[in-house]
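Everything on this sheet refers to the single structure shown next.
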Amino acid sequence: MDKQTVNNVKLPPKPVLDPFKIKLTPEMMLPATKEEREQLIMMRESITYWQDAMRRLRANKVAMVCLALIILIILFAFVGPLLMPYTYDQQIRGHERLAPVINSEFFHPFGTDNLGRDLCVRVMIGTRISLVIGVVSTMFIVVIGVLYGAISGFAGGAVDMVMMRICEIIYSIPTVLIIILLNIVLKEPMQRFFDAGHLASLSSVGTGLICIFVTFALLYWVSMARMVRGEILALKNSEYVTASRALGASNRWIIIKHLVPNCIGTVVVTTTFQIPSSIFTESFLSFIGLGVSAPMASLGSLVNDALNGFQTAPYRLFIPAIVLALIILAMNQLGDGLRDALDPKMRN
Amino acid sequence: MKKLFALVLALALALSLAVVASAEEVQTINACIGSQPETLDPQLNSASDGSNYIKHLFEGLMKYDWNGEGIVLGAAESYEVSDDGLVYTFHIRPEAKWSDGQDLTAEDFEYTMKRLVDPATAAPYAGDMGKYLLNGLEISTGEKPVDELGVKVIDSKTIELTLVQPCAWFLEIMAFPTYYPVRKDIVEANGDAWATSPETLIGNGPYTLESYTMDEEIVMVPNQNYYDVDKLACKRICWKLITDPNAKLAAMRAGELDWCDDYPTEELASLQAEGLFHTSPQLGTYYVNINNTKEPFTDARVRKAFQLAIDPYYLSETVTQGTYLPATDFVGNGFVADDGSDFGDFDTVIDRSDYEANIKKAQELMAEAGYPNGEGFPTVEYCTNVSGVHLPTAEALQAMWKDNLGVNVEIAQMEWNVFLAARRNGEHTLARDGWVADYGDPSNLLDLFTSYSGNNSTFYSNPDFDKLMEQAAATTDLHEHFALMHEAEKLAVGDEACCIPVYYYATTWICVPEINGVTQYPTGEKLFMNATK
């Protein structure tokens with residue numbers, strides 16, 4: 001599997017000798033010393049695929065800036081609320097409709113909304129919701145998509161045919177419709193489930209958000225599965241697979257140990273592109289009222305709330321919109337960088 | 001050549017003049033009073049936007065004067081009342097016609113009134129409005145056949161209406177859109193779709209449909225067969241059907257909209273500064289509709305706790321920025337009887353003087369009902385449509401209930417027509433609701449809680465309340481009439497907390513400075529017959 005490592009070894013230049021003028025001395029016949037032997041075999045330390053990828057990623061300035069930005073945003077979303085003196089749903093009387101203000105009386109760096117809630121902490125929580133949605137739903141997509149695609153591609157024939165037709169059927173289902181339907185069907189049982197005291201932490205985000213998770217898990221893995229299947233089809237006739245099979249490896253072993261690791265680059269890249277796309281979908285759904293339920297905030301719902309007075313208080317609209325744009329931009333740029341870094345054909 | 005040139009020039013001049021002249025002739029007033037209305041069918045409508053369109057397209061025996069004079073004769077040229085106040089005889093104007101030129105007859109009114117109370121029509125107002133006519137209520141509940149309604153055609157232009165009991169505001173009822181006539185042949189030939197296209201929407205009002213584009217606009221032009229068509233100052237009204245308040249404001253700033261009753265509420269300060277914002281009092285109440293048939297709100301203690309745990313003063317001041325006033329009763333001020341007694345003089349049915357004490361009382365009630373600190377209380381849903389102050393009000397209420405009672409309330413946002421249907425069918429647990437008086441008597445608001453009202457979406461049902469309302473309707477003594485209704489209000493809204501009054505409505509609108517002549521009534525009518533700009 002480590003094809004690249006072989007290419008990396010550079011042999012020392014051979015001494016140019018004229019065969020007619022050679023004079024052999026007994027010293028030349030002595031066995032090489034340990035040192036010489038080591039020099040001969042390896043001039044440079046071998047580096048793995050991942051080390052190589054990281055080296056190239058580090059060289060990509062844009063990607064590194066984006067990575068730093070993502071880390072900052074994660075800190076903002078997860079550590080930030082701990083530092084703020086308010087909670088996201090705290091309606092402070094007398095603090096309504098403040099413009100961004102920091103003085104001895106008020107501390108609202110992003111201002112407050114019409115109910116006296118601090119927008120800074122709401123943007124932090126909204127960012128957290130958006131990030132969690134991006135990561136959790138992408139996890140569903142990766143696990144289901146990779147396994148499904150790998151099995152389909154590896155099995156081939158009739159199994160592949162049936163599995164891919166199922167994919168196409170799922171692909172043709174309109175997402176928003178499913179989210180609305182799930183919302184209706186799941187709402188009451190889910191509410192009863194929460195009221196009985198299970199998963200209390202999830203209940204504050206509301207059933208709408210959970211329906212979005214379920215929908216992502218049900219529908220969005222299809223393109224991932226197709227991608228992985230394509231890779232597997234190309235890889236499954238490789239020599240190392242044949243060799244493994246000749247040595248008696250089971251299908252399961254071949255998929256998990258040989259095929260999936262070899263298409264990991266594609267998976268990682270698709271994943272980083274999937275995260276911003278999930279975040280964007282959630283924001284859109286919250287914007288049209290299908291996402292998080294009030295008073296929980298997501299970036300999309302914050303933008304939606306701010307629309308009501310965006311001529312008087314544009315900062316209420318722009319701050320969450322800018323954070324959303326930054327997350328999506330950073331994720332996409334990082335994805336670009338990772339694609340360049342992980343694709344061996346792109347190396348120079 | 002020169003002559004030809006002069007001729008062309010003269011022609012061009014004449015043409016451009018003609019263009020200017022015709023543009024002046026059809027000056028269009030662009031107004032917006034809502035998004036796509038649920039229906040324009042007078043008997044099926046129950047929403048205020050629909051009712052306003054109907055007042056332009058149809059006309060009852062009586063009507064709201066478009067100069068602001070109150071209730072005046074409409075399609076009727078005169079009427080007589082019998083000495084006992086039970087029989088009204090209306091004489092329809094001989095020149096009154098439908099917009100397609102057919103004569104307006106007493107049979108049309110007979111058909112309309114029977115259609116209203118017929119259970120097969122399922123008119124939301126069948127009980128509330130039909131009950132004034134003899135047997136109207138019984139017919140609407142299916143107890144008596146439609147033929148027994150107290151309506152009699154004397155001749156083609158005379159109709160005799162028999163009342164259940166004398167009613168001081170019966171003429172106002174006759175001016176209510178539910179009693180505006182529809183044509184039998186049209187309705188029967190086209191079914192429910194008759195009120196959706198200019199070809200089939202035949203009315204008898206001052207205006208007629210020029211076009212109706214769903215979710216876009218309703219255009220009205222004067223009805224040439226209307227008897228007073230010459231007196232219409234406004235020659236063309238284009239009702240824009242816009243949902244988004246920002247879009248409405250943007251349209252107004254772009255000159256595409258002259259008058260609008262909705263605006264982005266958070267822009268209030270700048271709208272006031274620009275002089276676009278206007279307000280006037282309105283007879284109506286904004287309240288939280290509690291579905292009295294849904295657990296755990298079947299328990300009056302829970303309802304009362306929810307009622308006491310909110311602070312309308314804060315909501316009024318903060319959420320509406322003072323445009324709506326805080327409600328302490330279900331029936332607000334402004335209902336004044338002919339003898340000068342004001343319904344607002346009674347004590348308030350909900351004591352809002354001490355918020356802290358109310359919270360404590362609410363917590364005690366919740367504990368009594370078996371939910372101390374909200375433990376064991378299921379998460380309940382609050383449905384609302386999303387325009388105006390509805391969503392911020394919902395969020396503020398949600399926080400008050402959460403903080404004071406420890407209960408979780410989820411907010412469900414719904415599209416207007418879906419919301420109306422859900423509320424009417426009782427699918428909600430809690431819902432935003434509001435009622436603007438249809439006529440100037442408190443019974444109009446309180447009738448909502450009678451068990452037989454088609455508009456009773458709280459599904460509150462209490463025979464004692466029904467009896468008090470019936471007694472109040474039966475009495476001719478105005479003092480007693482008010483006293484009985486106040487007692488009823490105290491029972492339903494105060495003691496049993498069948499709903500939670502939040503604000504008293506005010507009419508608020510934005511309009512360009514050039515427009516004038518829009519006549520508004522505290523009961524919500526917005527008449528554009530005199531509008532010019």
Side-chain angles (χ1 to χ4, degrees), chain A residues 87-97 99 111-117 122 180 183-184 187-197 200 203-209 285-297 301 304-317, chain B residues 244-247 249-250 253 262-274 296 311 313-315 317-321 374-382 384-400 402-403 407-415 418 427 429:
Chain A
T87 60
Y88 71 94
D89 57 351
Q90 190 177 351
Q91 301 182 1
I92 312 159
R93 292 202 177 192
H95 289 211
E96 294 88 5
R97 300 186 177 88
T112 55
D113 66 5
N114 53 355
L115 295 169
R117 294 177 296 200
R122 282 180 74 73
I180 295 171
N183 230 326
I184 295 166
K187 191 149 227 163
E188 283 201 17
M190 196 114 75
Q191 204 65 69
R192 273 203 298 277
F193 180 72
F194 287 148
D195 284 342
S203 71
S204 68
V205 298
T207 45
L209 205 61
L285 289 167
S286 286
F287 185 78
I288 59 173
L290 289 173
V292 292
S293 56
M296 182 50 84
S301 74
N304 188 20
D305 291 348
L307 265 187
N308 185 355
F310 80 96
Q311 295 175 41
T312 306
Y315 52 90
R316 284 190 219 157
L317 178 77
Chain B
D244 179 39
N246 275 304
L249 181 58
R253 292 205 163 124
D262 187 24
Y263 53 91
T265 47
E266 289 298 299
E267 308 284 1
L268 182 64
S270 56
L271 291 173
Q272 278 170 330
E274 285 172 66
D311 183 2
Y313 291 93
Y314 173 76
L315 289 165
E317 200 177 304
T318 309
V319 177
T320 75
Q321 302 178 78
E375 285 157 30
F377 199 84
T379 303
V380 291
E381 195 177 72
Y382 179 96
T384 178
N385 55 322
V386 282
S387 66
V389 296
H390 302 331
L391 195 59
T393 302
E395 284 189 70
L397 288 172
Q398 181 188 38
M400 287 170 183
K402 171 92 192 157
D403 294 346
V407 298
N408 287 319
V409 176
E410 250 197 27
I411 297 169
Q413 305 175 25
M414 293 180 175
E415 193 264 335
V418 178
E427 291 158 20
T429 307

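Numbered from 1 within each chain, the chains take letters A, B, ... in sequence-line order. As a basis for the values below, the full set of heavy atoms in this structure was taken, side chains included, without hydrogen atoms, waters or symmetry mates.
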| task | Evaluate the side-chain proximity of V319(B) to L115(A): yes if any heavy-atom separation is below 4.5 Å, no if none is. | result | yes

| Test salt bridge (Lys or Arg N to Asp or Glu O under 4.0 Å) applied to E274(B) - qualifying residues, sequence neighbours left out | R253(B)

| said: Could you report the tightest heavy-atom contact between E267(B) and F310(A), atom names first, then the distance? | reply: OE2-N, 3.1 Å

| Side chain, backbone, both or neither: which part of D113(A) has a heavy atom under 4.5 Å from chain B? | neither

| message | Is L249(B) close to chain A through its backbone or its side chain, or both, or neither, when contacts mean heavy atoms under 4.5 Å? | response | side chain

| request: Using non-hydrogen atoms and a 4.5 Å limit, figure out which bit of L268(B) sits close to chain A: side chain, backbone, both or neither. | output: neither

| query | Does any heavy atom of chain A fall under 4.5 Å from the side chain of P378(B), the backbone, both, or neither of them? | reply | both

| request: Please state whether the side chain, the backbone, both or neither of E410(B) comes within less than 4.5 Å of a heavy atom of chain A. | output: side chain

| task | Scan side-chain atoms only and decide if N308(A) and E266(B) contain a donor-acceptor pair under the 3.5 Å cut-off. | result | no

| N114(A) CG to L391(B) CG distance, which is reported to the nearest 0.5 Å | 9.0 Å

| query | Between R117(A), R93(A), Q90(A), which has the largest tally of heavy atom pairs under 4.5 Å with chain B? | reply | R93(A)

| Q91(A) side chain near M400(B) side chain, heavy-atom distance below 4.5 Å | no

| Within a reach of under 6.0 Å around CD of E317(B), are more than 12 heavy atoms found that belong to other residues, nucleotides or ligands? | no

| Taking only residues two or more places apart in sequence or in another chain, which ones pass side-chain contact (heavy atoms from CB on, under 4.5 Å) with P314(A)? | F318(A)

| query | Quick one: does R97(A)'s side chain get under 4.5 Å of T318(B)'s, heavy atoms only? | reply | yes

| field | Within-4.5 Å side-chain heavy-atom neighbours: N246(B) and Q311(A) | value | yes

